[in-house]
**Q** 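What follows is a structure written as structure tokens; I'll ask about it next.
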Amino acid sequence: MILLINLLLDGGTNGLSPLYMLSEIFGRLQFDLKRDDELVPAQFVDMIIGTGVGGLVAILLGRLLMTPAQAIEAYYKLSPAISTKVAADQSERESNTARFKHAFDQLLKDAGYDPESLFETRCKEPRNCKTVICVMNQDTTQCQLLRSYRIRGAPNPEYTITQVALASIASPEIYGPISLGNGFKKTIFSSALIGYANPTQQLLKEAHAVFGDINVATIVSLGTGKIETSGSFDSDDWMYSMARQVTLDTQRTHEDIYDRLKQTSIYFRLNIDKATHTSHDTAAIVAMTSVYMTETAVSDTIDELVRSFQVETHRVSLRDINSVTKVDISIKPRPALTHNFVGRDDILEELHRTHLSSQGPQRKSPLISVLTGLGGCGKTQIALKFALDYEHRYPEAPVYFLDARSPERLQTELETVIRARGPAHRSQTYQDAIDWIAAQEQWLLIFDSADDPSLNLSTYIPNSSSGHVIITTRNDLVRAQSPENSHKVDSLPVAHACHLLLVASGYDTSHNNVIHSQKIVKELGCLPLAVAHAAGYILIHRCLDTYLHLYRQRRRELLSRSDPNVVQGREGSVATTIHLSFGRLSREAQLLLQFLSLFHAASISHSVIATAALRNFAFTPFAMQASDPLEEEHANALMKLICPSGAWSAFDFNEMIQQCLQYSLIQITMVEGAGKYYSMHVLVQSWLRLDLPQDHLFHRLLVRLLASSITADDNYENLLFHRVVLPHIEGAIVGLDTNVADSFAFGFILEESKHSPQAVRYFRRALVLCMEMFGEAHQDTISAMGRLASSLDSCGRFREGMELKLKVLNGRRSLLGEAHPDTLRVMNNLARSFDWLGMREEAIEMDELVLKLRRRVQGNEHPDVLLTLANLAVSLKK
């Protein structure tokens with residue numbers, strides 16, 4: 001069992017909130033265990049880690065073995081010595097350090113410890129809680145772990161408990177760096193709050209190094225509140241500024257860990273909704289924490305956590321936890337099983353017999369079943385239903401739903417599987433994914449829509465005896481993959497199709513209704529998707545008795561105005577139903593639906609559309625002199641399309657969307673914490689796109705909408721928002737030449753999302769356009785060079801980046817002068833490029849020049865000056 005403490009430096013008493021949470025957790029556990037004595041968390045926890053003031057709490061609980069009540073009392077005594085104000089000079093920093101050291105030494109004495117006691121303990125008890133403090137090594141500018149125990153391959157200097165506590169909180173602005181050790185062993189430490197405020201990643205790696213590949217029962221993360229990260233704030237309020245940045249870092253880490261472990265039920269996060277940064281009133285902190293813990297959902301979470309302490313189920317191994325890290329490319333969730341799923345018991349029974357039976361001969365390859373039939377006959381729905389049954393039988397086995405419409409799509413899907421395991425796997429290929437899946441003990445792959453005759457599925461099926469494969473296809477030749485386990489998925493039996501039609505359209509099963517429904521479903525060939533669309537139309541218009549007549553009237557017209565090959569390839573009966581529904585929409589709704597078909601079909605974000613509309617589709621996140629004469633025209637066209645009243649109106653937009661919803665042409669999904677999304681079936685999307693060739697205006701309008709929704713700001717809310725925009729960018733600009741501003745916007749969002757190679761492409765296009773329009777010395781050209789250089793650095797192409805930075809520096813000097821902040825920033829970045837390329841003398845020379853200029857302009861105590869000093873120290877150290 002692992003306990004993680006992650007705390008923000010919110011004020012003199014900011015450690016109280018998690019301590020009171022621990023008091024509640026172990027109070028409930030004490031009651032359940034019928035214990036009279038107060039519980040010591042270290043007796044129930046194998047490892048505890050902390051950063052900053054969280055490190056102090058970790059020491060109190062893990063190294064000093066205090067109960068929550070004792071830790072709370074100790075923290076109250078210690079908190080007056082924890083300074084929260086930026087020191088005016090070195091003398092004040094030394095005073096802050098001395099005051100804290102005296103208070104902590106006294107705390108140790110009161111607790112029965114010698115102030116010179118070492119942080120490392122030689123205790124050999126089987127249940128010895130290991131305490132880890134995360135600090136910043138100023139020599140390497142990397143996170144370093146200070147341990148209360150020894151680990152193979154990592155020397156453990158003999159630091160005292162007080163020294164480690166001081167290193168944990170030693171923010172340079174308040175205490176200054178803390179020097180520990182002597183001679184060549186001397187190391188300078190400071191707080192690791194910026195970048196490592198939530199040290200979950202460090203905890204997991206350390207636990208694996210210490211305990212090996214054991215199973216984990218519980219991971220607990222305790223926070224001290226959520227600082228408001230949007231809007232304006234006083235830039236001179238250093239404490240708030242840092243707490244704001246720490247909040248962003250801790251929340252990002254939490255979301256990454258949650259996404260990685262949400263299916264395991266071992267990860268618990270408690271964090272009050274209101275930050276304690278601005279509250280120095282201890283009573284207010286306690287009150288906010290108490291109110292938070294009385295909330296039903298929070299109380300239930302605490303109860304579940306307490307149960308995990310009592311019953312260690314050990315659900316996940318440390319190897320598995322550390323093998324998967326959330327990255328920007330994530331595995332797409334598989335489609336949902338329709339709520340109107342009916343029948344197919346015969347095929348499902350065969351699939352159960354093949355894949356879920358414990359009996360059968362020994363095998364050397366995966367078990368494969370093939371579902372063949374017309375598009376829209378329900379093959380995918382059967383596969384999805386079986387996936388649920390498989391997960392019920394094997395809850396820990398991975399199930400991957402792969403789009404197999406082409407070799408390229410399938411390779412991309414498999415690469416996503418392997419690359420989602422972590423940054424170390426980002427360069428791995430689809431073949432690596434196949435090999436990794438083959439090594440798993442139990443797995444299921446669903447190859448969906450494997451219709452392409454050029455697709456050789458055999459090369460994508462892992463060679464393993466422990467796996468299972470389901471293939472859905474319209475290509476009957478794919479049955480050769482498993483002749484004995486191939487199933488022809490025909491249309492629904494008439495009785496099932498009638499049931500689906502009547503239930504979905506809201507009609508009862510009277511004799512006349514059954515007669516009408518039989519005629520309709522027979523005309524539709526009892527194809528499930530066609531029946532579902534017909535039911536949607538009938539539900540709105542209450543036209544069960546006349547639907548067949550309408551269908552027959554419009555069928556020939558549809559086939560005559562569409563490409564017969566495309567229509568037949570996407571099921572003519574389904575296309576006819578789509579057209580019938582589409583024809584009932586208002587002209588405005590028709591145009592809107594066609595435009596929406598250009599988005600990624602599964603994730604059309606309402607907030608992206610609304611944000612761009614509120615900006616009148618004219619917003620450009622980067623102010624550029626390189627204007628596009630068509631930009632205003634495109635913005636006006638979008639206003640007419642989405643805001644026909646002349647301004648964004650959620651009501652008007654909902655009215656148009658409502659028409660689409662009524663005919664099942666679009667669906668709404670609410671995603672907790674992410675808002676409202678629209679989606680449309682791929683068949684609907686394909687049909688709508690038939691009249692939208694690549695040169696259609698709508699493609700340009702989509703580029704304008706996406707660009708105007710982007711904000712050139714890296715606060716946390718915008719980062720989340722931009723992740724929603726990202727899936728639509730690639731499809732929006734395929735084959736299009738974006739203008740300078742839009743190239744900047746798309747490059748920015750790709751770089752922000754760590755898609756640096758793609759960002760390089762767009763910043764390079766922006767640079768080419770600026771060079772053509774303005775030449776090399778223009779400010780837009782120089783900005784494009786700077787952005788491109790940063791993206792090249794992110795790709796590891798440091799020399800190319802350095803060459804561009806030299807040009808940027810010359811341009812900035814000419815336009816702004818050598819002492820301008822932007823020029824100094826470029827010089828600093830160029831020094832880093834020299835450093836990365838091993839050009840030590842050039843790096844030192846540039847750092848010294850930057851230091852000289854910044855001191856002259858900003859003074860000796862400015863943070864930029866201190867940063868430059870640190871950079872110079874690193875360069876000199878090398």
**Q** If you take all heavy atoms of Cys129 and Gly62, which pair is closest and at what distance?
**A** SG-CA, 4.2 Å
**Q** Just by modelled atom types, is the Ile174 backbone N or O under 3.5 Å from a matching donor or acceptor in the Asn96 side chain?
**A** yes
**Q** Ignoring hydrogens, what is the shortest heavy-atom contact between Phe763 and Phe748? Give both atom names and the distance.
**A** CZ-N, 3.4 Å
**Q** Just one of Ile161, Leu56, Thr162, Leu78 clears the side chain to side chain contact (heavy atoms under 4.5 Å, CB included) bar with Leu107, so which one?
**A** Leu78
**Q** Using ring-ring contact (aromatic ring centres under 6.0 Å, His included) as the criterion, list what pairs up with Phe119, not counting sequence neighbours.
**A** none
**Q** What are the two closest heavy atoms between Ser791 and Val760, and how far apart are they?
**A** CB-CG2, 3.6 Å
**Q** Is there a donor-acceptor contact under 3.5 Å from the side chain of Gln106 to the main chain of Ala103?
**A** no
**Q** Show the atom names and distances, to 0.1 Å, of all donor-acceptor pairs under 3.5 Å that link a side chain in residues 848-858 to residues at least two apart or in another chain.
**A**
{"unit_1": "Arg854", "atom_1": "NH1", "unit_2": "Thr868", "atom_2": "OG1", "d": "2.7"}
{"unit_1": "Arg855", "atom_1": "NE", "unit_2": "Asn860", "atom_2": "OD1", "d": "3.4"}
{"unit_1": "Gln858", "atom_1": "NE2", "unit_2": "Asp864", "atom_2": "OD2", "d": "3.4"}

**Q** Please walk me through it: do Thr823 and Arg813 pass side chain to side chain donor-acceptor pair (under 3.5 Å)?
**A** CA-CA 6 Å; Thr823 306; Arg813 279 172 168 165; over 6 Å; no
**Q** Angle class for the Phe100/Tyr175 ring planes (parallel below 30°, perpendicular above 60°, tilted otherwise)?
**A** perpendicular
**Q** For Ser794, which residues count as a side-chain contact (heavy atoms from CB on, under 4.5 Å) partner, sequence neighbours excluded?
**A** Glu751, Ser756
**Q** So which heavy atom on Thr781 is nearest to which on Gly775, and how close?
**A** OG1-O, 2.7 Å
